[in-house]
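Please read the structure below before turning to the comments.
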Amino acid sequence: MINITFPDGAVRQYERGTTALNIAKSISEGLARKVIAAGVNGQVWDLSRPINEDANLKLYTWNDAEGKTTFWHSSAHLMAEAVEGMFPGVKFWVGPPVENGFYYDMDLGDRKISEEDLTAIEKKMNELAKKNSQYIRKEMPKAAAVEYFTEKGDEYKLDLLQQLNDGEITFYTQGNFTDLCRGPHIPNTGLIKAIKLTNIAGAYWKGDEKNKQLTRLYGVTFPSQKELDEYLVLLEEARKRDHRKLGKELGIYTMDDDVGPGLALWLPNGTIIIEELERLAKETELAAGYKRVVTPHIAKESMYLTSGHLPYYQDSMYPPMELEGQKYYLKAMNCPHHHKIFAAEPKSYKDLPFRLAEYGTCYRYEQSGELFGLMRVRCLHMNDAHIYCTKEQFYEEFKAVNDMYIKYFKIFGIEKYVMRLSLHNPEKLGQKYVDEPELWKETEALVRDVLIRTNTPFVEVQDEAAFYGPKIDVQIWSTIGREFTLATNQVDFAQGRRFKLEFTNHDNKPETPLIIHRAPLGTHERFIGFLLEHYAGKFPVWLAPVQVKVLPISDKFLDYGKSVADKLKKSDIRAEVDDRNEKIGKKIRDTELMRVPYMLVVGEKEMNENKVAVRRQGKGDTGVKGVEEFLNEIKLEVEERRGE
RNA sequence: GCCGUUGUAGCUCAGUGGUAGAGCACUUCCUUGGUAAGGAAGAGGUCAAGGGUUCAAUUCCCUUUAACGGCUCCA
């Protein structure tokens with residue numbers, strides 16, 4: 001007998017060689033029907049795998065992340081079985097679960113899978129699922145595995161096998177499909193009740209753009225049709241709050257073929273949001289001791305050679321303009337310009353920390369396929385600043401920047417983000433990163449120290465640093481699930497020396513400052529794109545392009561409505577009057593759809609009493625108020641930059 | 001940049017080898033209506049651009065361009 005310990009600490013005895021499925025059955029039939037995979041001593045196992053020793057056991061269902069990934073990974077195998085049936089000779093690479101579903105990369109040779117084929121594959125998968133085939137695990141000696149795939153002529157699986165050691169190789173078979181796979185899998189295909197193949201895409205083999213492009217098939221499956229339906233509704237909801245859709249509907253920005261790809265034109269409504277954000281940044285930065293500067297949009301090649309940017313980023317800069325034998329580049333970053341401002345006048349340690357801020361306009365020639373609404377553009381306005389400080393000042397300065405982030409995130413109610421400590425990769429010193437192994441270690445430790453001492457939750461990732469130093473990126477997700485860096489806080493130990501930036505220290509000796517690059521509000525483009533989705537277009541009053549819409553019941557009250565709006569406008573409230581010849585219901589509907597926070601309905605009663613009937617967007621009629629009273633309330637709401 | 005899909009009115013989208021349609025928006029008129037769509041009439045399109053096949057191309061083919069779904073990339 002062996003002892004099985006459950007998550008609640010209970011211990012029960014079972015026959016040696018029992019399985020997680022048997023254990024589940026011993027608890028209840030209902031559980032046995034729902035269970036998908038098992039956690040055995042922290043590893044995810046097949047339910048049918050014999051347990052031969054004492055173990056900690058956790059049973060996973062669809063509601064657990066481990067359950068879902070197992071379910072989806074098994075679904076990828078099912079999809080592969082269907083594809084192999086329809087496209088004999090297809091070769092498979094890998095088929096992992098992802099955040100919402102799974103994919104499988106495959107080499108179809110000269111054949112192509114079309115959208116219509118997806119429906120046929122779905123149908124086939126449904127047929128195969130109904131056969132209720134078991135997923136059978138089999139341990140394989142490496143030689144036998146190599147022989148199997150050599151015979152099959154599958155160079156992809158042979159490539160995978162190369163990295164595996166004898167004794168850790170397993171095959172899984174369900175129905176007519178056998179795959180090299182470490183598992184685990186669900187017990188049988190019958191659990192997969194609802195299938196949706198979502199899209200076809202190209203993907204480079206091993207993620208390297210120099211390699212051949214494979215066909216990637218994405219899909220998602222569920223244990224019931226109901227869950228699939230709910231998922232599709234959720235997707236539809238997400239599409240509705242896509243910033244590209246809302247940006248158009250709310251008149252925030254537009255793109256034009258004659259202007260060029262990735263070059264957003266800010267419409268009046270979007271410009272109001274830009275100006276509110278800049279006002280916030282300006283207030284915050286002045287209070288934090290920053291000095292504001294303004295720099296040109298272009299600079300000579302020599303500056304980017306000095307900074308070191310050119311060799312790293314030439315391909316993603318707009319090509320240079322040549323004038324009188326000089327090359328000028330559109331700036332892709334503001335730092336070199338700021339460094340020149342630092343260098344313009346001699347500095348003493350008494351001038352440090354020296355903080356320069358600018359909403360800088362940058363141009364980056366992002367590859368055409370990378371452009372994405374406002375989130376990835378070619379002209380961007382960055383909430384940039386550079387802080388020049390001594391090593392001793394670094395902790396306080398870096399921490400202050402971090403605090404500024406948190407302050408901003410609170411204002412906007414941003415909660416779903418990940419702070420990512422992005423480190424260098426020692427193997428790429430001299431290529432992707434400046435070759436200063438010691439300085440890398442030192443500054444990485446400095447940054448990590450700030451995060452730890454401030455109890456900031458973060459994840460560490462290798463090979464994501466800037467070329468001049470480590471950084472903290474704030475990662476967020478667009479409504480359709482794509483990940484972006486919203487804000488960034490970077491250390492730079494390289495450019496100071498390259499630009500020969502110096503200050504005179506206490507001992508009257510020249511010393512190079514450390515530089516912090518920071519952009520807590522990212523760029524206007526990405527930040528507003530994010531906010532559109534974050535608020536689903538319902539901006540808080542202080543950011544709303546139109547804060548108040550006055551809706552006269554009929555033309556007879558138009559003059560009164562205008563007088564109310566004028567009064568609000570005199571107090572810097574963005575108010576408009578709906579003077580169209582429409583019924584009140586229509587005016588309300590249109591104003592609601594434009595997400596105007598406050599609607600003031602005015603008719604006979606209101607006019608006679610100098611009042612307004614206040615309607616809050618999304619909340620309906622909230623009663624009648626004096627004009628003064630409403631004005632005072634909304635002024636306060638704007639001033640405090642109140643959220644909900 | 002690569003693989004795939006798409007491009008028809010300001011917007012959302014039908015449609016066709018014989019030079020185009022709906023709803024909303026817009027203009028005018030009627031209506032003056034109290035909390036999510038009042039009615040009528042009208043105007044609006046080189047069917048992304050260029051080339052080819054054809055008696056005839058918005059429709060079929062090719063190229064370009066842009067957007068979209070991914071991959072790669074992101075100072």
Side-chain angles (χ1 to χ4, degrees), chain A residues 98 103 105 108 112-115 198-218 242 244-245 248-249 254-258 260-262 304 307-310 312-317 331-336 362 364-373 375-377 380 382 384 422 432 464-469 471 473 480-485 488 490 492 495 517 519 526 551-558 580-593 599-606 613-622 624:
Chain A
V98 288
Y103 67 78
D105 281 349
L108 292 155
K112 273 180 190 165
I113 287 186
S114 67
E115 303 276 340
T198 44
N199 61 52
I200 316 167
Y204 298 108
W205 184 44
K206 294 186 179 180
D208 187 334
E209 63 181 324
K210 289 183 201 77
N211 283 342
K212 180 172 181 175
Q213 203 154 42
L214 305 176
T215 303
R216 178 173 292 181
L217 236 53
Y218 283 88
D242 188 312
R244 292 166 297 183
K245 186 172 158 60
K248 183 175 275 179
E249 288 171 0
T254 189
M255 301 274 194
D256 187 283
D257 285 357
D258 277 335
Y304 298 111
S307 72
H309 282 99
L310 210 51
Y312 291 103
Y313 299 111
Q314 187 162 26
D315 287 348
S316 44
M317 287 173 80
K331 72 172 167 185
M333 71 299 293
N334 304 300
C335 22
C362 299
R364 295 180 177 179
Y365 195 77
E366 305 285 7
Q367 294 188 57
S368 57
E370 291 159 354
L371 301 173
F372 177 65
M375 300 296 216
R376 197 75 183 277
V377 290
L380 39 110
M382 200 189 296
D384 214 354
S422 301
K432 199 175 161 189
E464 290 286 347
F467 77 87
Y468 45 66
K471 58 179 178 167
D473 289 325
I480 61 164
R482 221 178 281 183
E483 183 177 349
F484 289 96
T485 299
T488 183
Q490 318 178 343
D492 177 358
Q495 286 192 65
H517 303 232
R526 194 171 285 178
L551 310 179
I553 298 276
S554 81
D555 290 354
K556 284 188 259 177
F557 315 107
L558 198 52
R580 295 175 306 164
N581 179 5
E582 294 289 352
K583 289 173 113 167
I584 192 68
K586 169 77 167 163
K587 292 183 181 179
I588 287 173
R589 179 182 154 80
D590 290 347
T591 314
E592 285 277 348
L593 289 174
M599 283 152 268
L600 303 181
V601 178
V602 295
E604 181 126 36
K605 277 184 291 182
E606 290 77 14
V614 181
R615 184 188 166 96
R616 184 74 221 246
Q617 201 274 340
K619 298 205 176 91
D621 193 352
T622 63
V624 176

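Since this is a predicted model, take the numbers as computed values, not measurements. Any value given below was found using the heavy atoms of this structure, including those in side chains, with hydrogens, waters and symmetry copies removed.
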Residue A:K432 excluded, over 12 heavy atoms near NZ under 6.0 Å:
yes
- request: Please work out whether the ring planes of A:H309 and A:Y304 are parallel, tilted or perpendicular, with thresholds of 30° and 60°.
  value: perpendicular
* If we take the C1' atom in both B:A36 and B:A75, what is their distance in whole Å? -> 48 Å
Sugar-phosphate only, base, or nothing, as touched by A:K212 at under 4.0 Å among non-hydrogen atoms
nothing
Expressed as a whole number of Å, how far does the C1' atom of B:C13 sit from that of B:C47?
14 Å
Whole-Å distance, A:D384 CG to B:A75 P, equals 13 Å
Between CG of A:L217 and P of B:C71 the distance, given in whole Å, is 14 Å
A:L214 and A:W205 have their tightest heavy-atom pair at CD1-CD1, 3.7 Å
A:Q314 atom CD is separated from B:C74 atom C1', nearest whole Å, by 17 Å
Exercise. For atom P, what is the distance between B:U5 and B:C61, given to the nearest Å?
Worked result: 12 Å
In whole angstrom, give me the gap between the P atoms of B:A57 and B:C24.
-> 35 Å
Do side-chain atoms of A:K587 reach the backbone of A:P552 as a donor and acceptor pair under 3.5 angstrom?
yes
Could you tell me whether A:A332 contacts a base, only the sugar-phosphate backbone, or nothing, with contacts defined as non-hydrogen atoms closer than 4.0 Å? base
Scanning both residues in full, the closest heavy-atom pair of A:I200 with A:E115 reads CD1-N, 3.9 Å
- Quick one: label A:Y103 by what it contacts on the DNA or RNA (base, sugar-phosphate, nothing), any heavy atom closer than 4.0 Å. nothing
Margin query: Using atom P in both nucleotides, what's the gap between B:U58 and B:G18 to the nearest angstrom?
Written below: 11 Å
Taken to the nearest whole Å, NZ/A:K245 to C1'/B:C13 is 12 Å
Per-nucleotide protein contact along nucleotides 64-70 of chain B, 5' to 3', at a 4.0 Å heavy-atom cut-off (B base, S sugar-phosphate only, - neither), is --SSSBB
Atom CZ of A:F484 and atom C1' of B:U72 are separated, to the nearest Å, by 14 Å
Atom CG of A:L214 and atom C1' of B:C71 are separated, to the nearest Å, by 10 Å
Query raised in the report: Between A:E366 and A:S316, is there a donor-acceptor pair closer than 3.5 Å when you use the side chain of the first and the backbone of the second?
Result: no
Distance-only donor-acceptor test, A:R376 side-chain atoms vs B:C73 base atoms, 3.5 Å
yes
For the P atoms, the ones on B:A9 and on B:A49, what distance do you get once it is rounded to whole angstrom?
11 Å
Rounded to whole Å, the CZ-P distance (A:F557 to B:U32) equals 13 Å
- Task: Look at the side chain of A:R364 and the backbone N and O of A:A332, then say whether any donor-acceptor pair between them is shorter than 3.5 Å.
- Result: yes
Of A:A613 and A:K432, the one whose nearest nucleotide on RNA chain B sits closer to the 5' end is A:A613
Practice item. Remember a base hit wins even if backbone is also touched, and classify A:G207 as base, sugar-phosphate or nothing at under 4.0 Å, heavy atoms. Key: sugar-phosphate
Touch check for A:Y313, heavy atoms < 4.0 angstrom, all strands: base, sugar-phosphate only, or nothing?
base
Considering only heavy side-chain atoms of A:Q367, the closest of B:G1, B:G34, B:U32 is B:G1
Read 5' to 3' with Watson-Crick or G-U pairs under 3.5 Å, [ ] for crossing pairs and | for partners on another strand, RNA chain B gives (((((((..((((....[..)))).(((((.......))))).....(((((..]....))))))))))))....
Quick tally for nucleotides 36-51 of chain B: nucleotides whose base has a protein heavy atom under 4.0 Å get B, sugar-phosphate-only ones S, the rest -, giving BBB-------------
Testing B:U32, B:A75, B:U35 for proximity to the side chain of A:D621, the answer is B:U35
Task: Below 4.0 Å: OP1/OP2 of B:U12 and any side-chain N or O of A:K248 - done: yes
Decide salt bridge (charged side-chain N to carboxylate O under 4.0 Å, His left out) for A:D242 and A:R244; before the verdict, give the C-alpha distance in whole Å, the side-chain angles of both, and the deciding distance to 0.1 Å. CA-CA 5 Å; A:D242 188 312; A:R244 292 166 297 183; 2.6 Å; yes
**OP:** Quote, to the nearest angstrom, the C1' distance that separates B:U65 from B:G51.
**Re:** 14 Å
Tell me what A:E606 touches on the nucleic acid: a base, only sugar-phosphate, or nothing, going by heavy atoms under 4.0 Å. base
Side chain to side chain, A:V614 and A:L600, heavy atoms closer than 4.5 Å
yes
| query | Are A:K556 and A:E604 close enough for a salt bridge, meaning some N to O gap below 4.0 Å? | reply | no
B:A75 base to A:S316 side chain: any donor-acceptor pair below 3.5 Å? yes
Smallest heavy-atom separation, A:Q495 atom then A:C335 atom, equals NE2-SG, 3.9 Å
key: Non-hydrogen side-chain atoms of A:E606 and A:V624 separated by less than 4.5 Å   = yes
Closest heavy-atom pair, A:I553 versus A:G603, reported as atoms and distance to 0.1 Å, is CG1-CA, 3.6 Å
Please work out if A:Q490 contacts a base, only the sugar-phosphate, or nothing of the nucleic acid, heavy-atom cut-off 4.0 Å. sugar-phosphate
task = With C1' as the reference atom in both, quote the distance from B:U8 to B:G44 in angstrom, rounded to an integer.
result = 14 Å
**Message:** Is the terminal nitrogen or CZ of A:R526 (NZ for Lys, CZ for Arg) located under 6.0 angstrom from the six-membered ring centre of A:F484 and within 45° of that ring's axis?
**Reply:** no
Separation of B:A75 atom P from A:Y312 atom OH, nearest Å, is 13 Å
